[in-house]
Structure formats: C-alpha cells, structure tokens
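Since the structure comes first, as structure tokens, the remarks are kept for the end.
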Amino acid sequence: MEKMLYLNDLFDIYKDLLTDKQQKYFMDYYFENLSFAEIADKYDVSRNAIFNQLKIIENKLYDYEKKLKIY
C-alpha cells in the first residue's frame with residue numbers, strides 16, 4: 001500500500017516525462033484498478049507487455065526521483 005501511494009505521488013510529479021501510452025497504462029492500473037488482462041484487451045497488446053511496461057514505468061519514476069529529488 002505504501003509503495004502504491006509513493007508511486008502515485010511520483011507519477012503526479014513526473015508524469016509529463018512519460019510517454020502518453022505509459023501514462024495511460026499507469027492510470028489504468030493504479031487509478032482505475034484494472035487488471036493486466038483488462039488493460040491488455042483495452043489496448044490490444046499482451047498481458048506480458050503491460051506487466052513489462054508497468055515495471056519500466058516504476059523504474060523510470062524511481063530513477064527520476066533519485067536524480068531530481070523533487071519529492
């Protein structure tokens with residue numbers, strides 16, 4: 001739960017540094033509470049692609065915070 005809140009805060013700060021598609025995946029998963037399968041169906045991609053993209057997004061958010069220290 002704490003990780004989710006932290007990621008949501010980082011997303012609010014750094015979302016403009018992500019692609020539009022990454023923003024949509026993140027919002028669908030963390031804000032709309034959609035499953036990997038639901039997001040995959042919505043964008044016509046595989047569940048694995050969604051899982052991988054969410055990991056990439058999380059890592060980017062952590063990296064941006066590590067470098068920029070805005071939070």
Side-chain angles (χ1 to χ4, degrees):
M1 182 67 168
E2 188 173 316
K3 175 186 171 184
M4 186 184 303
L5 293 175
Y6 182 62
L7 282 170
N8 286 337
D9 288 343
L10 292 181
F11 180 77
D12 287 341
I13 296 168
Y14 301 117
K15 69 182 168 193
D16 292 334
L17 299 175
L18 300 173
T19 66
D20 289 339
K21 195 174 284 189
Q22 288 173 329
Q23 290 178 33
K24 290 176 186 175
Y25 292 165
F26 188 92
M27 289 188 295
D28 284 346
Y29 186 72
Y30 285 101
F31 297 142
E32 301 299 324
N33 220 15
L34 298 179
S35 68
F36 294 144
E38 291 170 321
I39 300 169
D41 287 344
K42 184 176 179 178
Y43 297 105
D44 197 30
V45 297
S46 70
R47 287 180 301 209
N48 194 43
I50 298 299
F51 175 81
N52 289 339
Q53 276 300 309
L54 286 169
K55 282 294 169 198
I56 289 169
I57 294 164
E58 288 177 13
N59 288 335
K60 281 186 173 191
L61 292 173
Y62 290 136
D63 190 49
Y64 292 146
E65 177 56 23
K66 182 179 177 184
K67 291 177 180 175
L68 301 172
K69 296 178 175 53
I70 296 174
Y71 182 74

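Contact annotation: the side chain of Lys24 approaches that of Tyr43 to within less than 4.5 Å [non-hydrogen atoms, C-beta and beyond]. Within the 4.5 Å cutoff, the side chain of Gln53 has no heavy atoms near those of the Lys21 side chain. Within the 4.5 Å cutoff, the side chain of Val45 has heavy atoms near those of the Tyr25 side chain.
Scanning for side-chain contact (heavy atoms from CB on, under 4.5 Å) contacts around Glu38 gives Leu34, Ser35, with sequence neighbours left out. Residues that satisfy the side-chain contact (heavy atoms from CB on, under 4.5 Å) test with Lys60, not counting sequence neighbours, are Leu18, Gln22, Ile56, Tyr64. Asn52 pairs by the side-chain contact (heavy atoms from CB on, under 4.5 Å) definition with Asn48, not counting sequence neighbours.
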Kindly indicate, with the supporting measurements, whether the criterion side chain to side chain contact (heavy atoms under 4.5 Å, CB included) is fulfilled by Tyr29 and Ile50.
CA-CA 9 Å; Tyr29 186 72; Ile50 298 299; 5.9 Å; no
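When ring centroids are compared, Tyr71 and Tyr14 stay outside the 6.0 Å threshold.
Each of Tyr30, Tyr62, Phe31 was compared with Phe11 under the ring pair (Phe, Tyr, Trp, His ring centres under 6.0 Å) criterion, and only Phe31 meets it.
Among pairs with a residue in residues 5-19, none fulfils salt bridge (charged side-chain N to carboxylate O under 4.0 Å, His left out), at least two apart in sequence or across chains. Applying the salt bridge (charged side-chain N to carboxylate O under 4.0 Å, His left out) test to pairs two or more places apart or on separate chains, those with a residue in residues 61-70 are Asp63-Lys67. Applying the salt bridge (charged side-chain N to carboxylate O under 4.0 Å, His left out) definition to pairs two or more places apart or across chains, those involving residues 41-53 are Asp28-Lys42.
Residues Met4 and Met27 are members of one and the same hydrophobic cluster, defined by side-chain heavy-atom contacts under 4.5 angstrom among Ile, Leu, Val, Met, Phe, Trp and Tyr.
Expressed to the nearest 0.5 Å, how far CG of Leu68 lies from CD1 of Ile13 amounts to 10.0 Å.
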